[in-house]
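Every number for a ligand or one of its atoms is a count from 1 in the order of the listing. These numbers were taken from a predicted model, which means no experiment stands behind them.
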Amino acid sequence: MLHALFAVAFWAMLPAYVPNNAAVLAGGGAPIDGGRMVGGRRLLGDGKTWRGTAVGTAAGVGLALVLNQAAPAAAAATGVTLPAFPLPAAFGLAFGAMAGDISASFLKRRTGRERGAAFPVVDQLDFVAGAVACAALLDFGWVVDTFTLPVLGVVIVLTPVLHVATNGIAYTLGLKDEPY
Ligand code: CTP
Ligand code: MG
């Protein structure tokens, strides 16, 4: 029972997990805010770029399409019925994850946090909120069917654990400047 909840939660969120990591690898280039300042601080900062956002979104959508192909085999192996991703849901999860992370940077700058500063809880869940909200805007029925309350509960508990672990690995490998 519980393993099915974890499997569905992890599977359904994969297209939202990958964009941030892809953005770290692809980041650089022109910042989205074009250097604009608000109240003496950057609107978003140099850590949010057009290239990172585009590559991150594409990576999430691409992964969703791969998962759609792999679903039957994964379902057979785990005995769990895993959700398929309609294109609007896939795009919503991937782009929403990036948008959530960008919104968090906006909040960080408004609260005096410099680029790279930690913002506990927000850092770990901004992209979950963005992904689920954006997917719901584009395919509400899919989100309601997929993210039942128990699945959503597992997502909220599981995501920070995975986030801390993957960012710790990325930091250790020298891919990321901070371990969060
Ligand atoms: N990145 C990007 N575009 C995005 C998100 C991330 O290019 N939309 C890249 C940037 O190179 C960024 C790195 O991924 O520095 C790490 O992302 P993140 O930790 O979210 O950014 P920070 O640099 O820590 O900046 P902030 O304080 O605004 O979160
Ligand atoms: Mg950071």
Side-chain angles (χ1 to χ4, degrees), residues 9-10 12-67 85 87-139 143 152 155-180:
F10 181 65
M13 285 303 288
L14 269 175
Y17 287 155
V18 163
N20 287 288
N21 299 301
V24 171
L25 299 178
I32 295 170
D33 67 8
R36 266 187 284 284
M37 311 281 284
V38 176
R41 295 188 177 278
R42 287 286 294 277
L43 182 62
L44 300 173
D46 282 332
K48 306 296 121 153
T49 69
W50 290 109
R51 193 169 78 206
T53 307
V55 172
T57 302
V61 173
L63 179 66
L65 298 179
V66 170
L67 291 179
F85 302 93
L87 198 55
F91 181 80
L93 288 173
F95 178 74
M98 294 271 77
D101 174 63
I102 292 168
S103 306
S105 289
F106 177 82
L107 283 180
K108 284 189 191 180
R109 301 302 92 83
R110 305 286 77 70
T111 54
R113 291 173 169 81
E114 298 299 335
R115 175 185 179 186
F119 200 168
V121 185
V122 173
D123 273 332
Q124 282 75 46
L125 288 171
D126 52 12
F127 59 102
V128 173
V132 175
C134 198
L137 278 178
L138 296 177
D139 194 339
V143 167
L152 208 52
V155 166
I156 289 169
V157 173
L158 179 67
T159 303
V161 176
L162 291 173
H163 190 261
V164 168
T166 48
N167 284 328
I169 293 169
Y171 174 73
T172 307
L173 293 176
L175 298 172
K176 217 172 175 297
D177 293 336
E178 311 90 20
Y180 39 78

S.K.: If you compare all heavy atoms of Gly96 against all heavy atoms of Cys134, which two are closest, and at what distance to 0.1 Å?
M.R.: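 Where Gly96 meets Cys134 most closely, the heavy atoms are CA-CB, 3.6 Å.
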S.K.: List ligand 1 atoms under 4.0 Å from Asp101, heavy atoms only on the residue side.
M.R.: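 Checking each atom against Asp101, I get 5 (C), 20 (O).
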S.K.: What part of Asn20, side chain, backbone, both or neither, has a heavy atom within less than 4.0 angstrom of ligand 1?
M.R.: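 It is neither part, as no heavy atom is under 4.0 Å.
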S.K.: Which of the numbered atoms in ligand 1 are under 4.0 angstrom from any heavy atom belonging to Ala23?
M.R.: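 Matching atoms, with element in brackets: 1 (N), 5 (C), 6 (C), 9 (C), 14 (O).
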S.K.: Under 3.5 Å, is there a donor-acceptor pair between the side chain of Arg110 and the main chain of Leu43?
M.R.: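 Yes, the answer is positive, given that a donor and an acceptor are paired below the 3.5 Å cut-off.
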S.K.: Looking only at heavy atoms, what is the nearest atom pair of Ala59 and Val18, with distance?
M.R.: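 Here Ala59 and Val18 meet closest at CB-CG1, 3.9 Å.
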S.K.: Under a plain distance cut-off of 3.5 Å, with no hydrogens placed, do Thr111 and Arg113 share a side-chain donor-acceptor pair?
M.R.: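 Side-chain D/A pair, Arg113 to Thr111: present.
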S.K.: Give every residue pair that meets the side-chain hydrogen bond (donor to acceptor under 3.5 Å, both in side chains) criterion with at least one member in residues 167-178, sequence neighbours excluded.
M.R.: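 Residue pairs passing side-chain hydrogen bond (donor to acceptor under 3.5 Å, both in side chains), neighbours aside: His163-Asn167.
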S.K.: Should the proximity of Lys108 to ligand 1, defined as any heavy atom under 4.0 Å, be assigned to the side chain, the backbone, both, or neither?
M.R.: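 It is the side chain that touches ligand 1; the backbone stays farther off.
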S.K.: May I ask you to list the atoms of ligand 1 that are less than 4.0 angstrom from any heavy atom of Val24?
M.R.: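 Taking each heavy atom of Val24 in turn, ligand 1 has 14 (O), 16 (C) under 4.0 Å.
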S.K.: For ligand 1, which atoms have a heavy atom of Glu178 less than 4.0 angstrom away?
M.R.: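 The atoms of ligand 1 under 4.0 Å from a heavy atom of Glu178 are 24 (O).
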S.K.: Using distance alone, determine whether Gly116 and ligand 1 share an N or O pair under 3.5 Å.
M.R.: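 Between Gly116 and ligand 1 (N or O atoms, distance only) the closest approach is under 3.5 Å.
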S.K.: Just going by heavy-atom distances, which of Arg109, Met98, Lys176, Lys48 is nearest to atom 21 (O) of ligand 1?
M.R.: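 Nearest heavy atom to atom 21 (O) of ligand 1 lies in Lys48.
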S.K.: Nearest non-hydrogen atom to atom 26 (P) of ligand 1 belongs to which of Ala99, Gly47, Ser105?
M.R.: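 Minimum heavy-atom distance to atom 26 (P) of ligand 1 goes to Ser105.
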S.K.: Could you pull out all residues at least two apart from Tyr17 that satisfy ring pair (Phe, Tyr, Trp, His ring centres under 6.0 Å)?
M.R.: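 Applying ring pair (Phe, Tyr, Trp, His ring centres under 6.0 Å) to Tyr17 gives none.
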